[in-house]
Amino acid sequence: ELASWMHGNRTRCRDGMPGYALGIGYVLAAVSPAVVRTFDMGKSKAAQDIALGEHSPILALLATRGDTVLDWLHAGQALSALLLDATAIGLSVSFLNQPIELPRLREQLAGLFAPGTVPQQLLRLGVYTGEPPRATPRRALEDVLV
């Protein structure tokens, strides 16, 4: 799935991620989708995620008491407020999706908190000190709204 969303740095595609969004140069960005499709990099990605989590200034878990559509809506509203507030005070936020997307990992994460807690999103928060990221392509407004 990841490979289908990856594109070279000179793409005109308005969906997915150009290589520069992942910190990849022109040549590697051109071959990355094939590499991702060919090789199982799950263990190395998991090791990277563990290292990111262990060295993050703040890990935040957005959780709800249930897992209904209404709970998802409330989680989305809370996430929106958190992202806006973090941006307003100069924090960067990134998503650690794998522990939420894989049922076994989501259960393990839930077990670390109060009974009945349902993890909805795991986030890293911190102060970004690198170069500002380049904007990635977006679809035109008229392509997504009717």
Given the rule that I, L, V, M, F, W and Y join up when any side-chain heavy atoms are under 4.5 Å apart, are Ile100 and Trp72 in one cluster? no
Could you list the residues that satisfy salt bridge (charged side-chain N to carboxylate O under 4.0 Å, His left out) with Asp71, not counting sequence neighbours? none
Looking only at heavy atoms, the pair that brings Ala135 and Tyr20 closest together is O-OH, 2.9 Å
Drop me the distance from Arg124's CZ to Ile58's CD1, to the nearest 0.5 angstrom. 12.0 Å
Please tell me whether Phe95 and Leu125 are part of a single hydrophobic cluster in this structure, the criterion being side-chain heavy atoms less than 4.5 Å apart. yes
Intermediate values then yes/no, side-chain contact (heavy atoms from CB on, under 4.5 Å), Arg106 and Asp67: CA-CA 12 Å; Arg106 192 175 187 206; Asp67 204 19; 3.3 Å; yes
Should Leu96 and Leu61 be regarded as members of a common hydrophobic cluster, given that ILVMFWY residues are connected when their side-chain heavy atoms come within less than 4.5 Å of each other, either directly or indirectly? yes
For Glu107, does the CD atom have more than 12 heavy-atom neighbours from other residues, nucleotides or ligands under 6.0 Å away? no
From Leu109 CG over to Gln120 CD, what is the distance, rounded to the nearest 0.5 angstrom? 11.0 Å
Give the cluster check for Leu62 versus Val93: same hydrophobic cluster or not, with ILVMFWY residues linked at side-chain heavy-atom distances below 4.5 Å. yes
Rounded to the nearest 0.5 Å, the CG atom of Leu123 sits from the OG atom of Ser94 at a distance of 8.0 Å
N/O donor-acceptor pair under 3.5 Å between Ser80 side chain and Gly76 backbone: no
Treat each ILVMFWY residue as a node, draw an edge where side-chain heavy atoms are under 4.5 Å apart, and state whether Leu84 and Ile89 are in one component. no
Pairwise side-chain contact, Leu82 with Asp85, heavy-atom cut-off 4.5 Å (strictly under): no
List in chain and number order the residues that pass salt bridge (charged side-chain N to carboxylate O under 4.0 Å, His left out) with Arg139, two or more places apart in sequence or in another chain; answer none if no residue qualifies. Asp15
